[in-house]
Amino acid sequence: MIVRRARVEDADAIERVRTDTWRDAYRCLVPDSLLNGLGYDATRRRAMMAVLPPHQFVLVAEDEGAVVGFCMGGSSRSPDTRFRGEVYAIYVLPENQGRGIGRALLQTATKELVDRDLRSMIIWVLRENASSRSFYERMGGAWVRDEERELEGMRVTESAYGWSDISRSFGGSSGSVQRM
């Protein structure tokens with residue numbers, strides 16, 4: 001398995017990972033109609049990747065030549081000035097989870113952020129997504145706060161996890177939950 005910077009031609013594979021992972025991870029958390037309406041059209045993603053600003057990045061994880069995960073991040077979109085960087089999305093195909101791919105993507109993402117002088121990081125996750133929250137906690141993330149947001153026309157609660165300094169070390173495995 002390797003993690004590398006994504007290319008525009010990876011857009012179709014990235015969209016497949018996003019859609020398949022959403023359908024698996026969010027089943028019973030969001031309406032089936034939303035999940036069933038997701039498609040594999042990568043037109044918008046391809047256009048976005050073609051003009052990616054320098055403060056953003058997209059990474060893919062490949063296993064035996066196939067994209068099995070991706071991560072996108074850059075400057076934080078949060079008004080919380082404690083966190084300068086953000087991972088906007090990180091997804092690994094369900095059949096590839098538990099193999100260290102998410103950890104490798106997140107560790108590479110922190111290097112990308114630090115290279116952009118973004119030495120702290122925030123990630124948002126659906127509050128009800130217990131497995132992802134547990135993953136971020138194992139990776140050393142500290143719960144920051146919950147916020148109500150709109151997702152595809154429905155109200156959801158997202159939880160923020162933050163890392164105050166990703167430049168020194170990253171990827172703790174203590175399993176303890178921190179609060180910020």
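As the structure is a prediction and not an experimental result, all values here were calculated from the model.
In this structure, the side chains of Tyr136 and Trp163 come closer than 4.5 Å at one or more pairs of heavy atoms. Side-chain contact between Tyr40 and Asp12 is absent, with no heavy-atom pair separated by less than 4.5 Å. Taking 4.5 Å as the limit, some side-chain heavy atom of Met154 sits within range of a side-chain heavy atom of Val156. For the pair Leu93 and Asp24, the minimum side-chain heavy-atom distance is 4.5 Å or more. Side chains of Leu126 and Tyr26 form a contact here, defined as non-hydrogen atoms less than 4.5 Å apart. Between Arg5 and Val58 the shortest side-chain heavy-atom distance does not fall below 4.5 Å. With a 4.5 Å cut-off on side-chain heavy atoms, Glu158 and Glu147 do not count as touching. For the pair Ile14/Met49, a side-chain contact is recorded, criterion being any heavy-atom separation below 4.5 Å from C-beta on.
Nearest approach of Phe57 to Leu52, heavy atoms of both residues: CA-CD2, 3.8 Å. Heavy atoms only, all atoms of each residue included: Val67 and Ala13 are closest at CB-CB, 3.7 Å. Of all the heavy atoms in Ser164 and Ser120, the pair that sits closest is O-CB, 3.3 Å. The two atoms that bring Ile122 and Ser78 nearest to each other are CD1-OG, 4.4 Å, heavy atoms only. The minimum heavy-atom distance linking Leu34 with Val30 is given by the pair CD2-CG2, 4.3 Å. The minimum heavy-atom distance between Arg133 and Trp143, with the atom names listed, is NH2-CD1, 3.9 Å.
Atom-to-atom distance recorded for His55:NE2 and Leu113:CG is 11.0 Å, nearest 0.5 angstrom. Here the straight-line distance linking atom CD1 of Ile166 with atom CD of Gln107 works out to 11.5 Å at 0.5 Å rounding. Taking OG1 from Thr19 and CD from Glu15, the interatomic distance works out to 4.5 Å, rounded to the nearest 0.5 Å. Distance check: Met1 CE to Ile101 CD1 gives 5.5 Å after rounding to the nearest 0.5 Å. For the atom pair SG of Cys71 and CD1 of Ile90, the computed distance is 4.5 Å after rounding to the nearest 0.5 Å. Residue Glu86 holds its CD atom at 11.0 Å from CG of Asp80, rounded to the nearest 0.5 Å.
Between the side chain of Arg23 and the backbone N or O of Leu38, at least one donor-acceptor pair lies under 3.5 Å. Within the 3.5 Å criterion, the main-chain N or O of Ala130 finds no donor-acceptor partner in the side chain of Ser134. Panel note: side chain Glu62, backbone Val3; no donor-acceptor pair is recorded below 3.5 Å. Listed for the Gln56 side chain is no donor-acceptor partner under 3.5 Å among the backbone atoms of Gly74.
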Problem set entry | Audit row: Leu106, Ile123, side-chain contact (heavy atoms from CB on, under 4.5 Å) steps and yes/no | CA-CA 11 Å; Leu106 204 52; Ile123 293 178; 3.7 Å; yes
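In this pair, Tyr91 and Phe70 present their aromatic rings tilted. The plane angle is within the 30 to 60° band.
Arg16 and Thr21 form no side-chain donor-acceptor contact under 3.5 Å, judged by distance and modelled atom types alone. Looking only at atom types and distance, the side chain of Ser159 has a donor-acceptor partner in the side chain of Asp146 under 3.5 Å away. Of the N and O atoms on the side chains of Ser167 and Asp165, at least one donor lies less than 3.5 Å from an acceptor on the other residue. Counted by atom type alone, Arg84 and Ser75 present zero donor-acceptor pairs between their side chains at under 3.5 Å.
Residue-environment remark: CZ (Arg44) stays at or below the threshold of 12 foreign heavy atoms within 6.0 Å.
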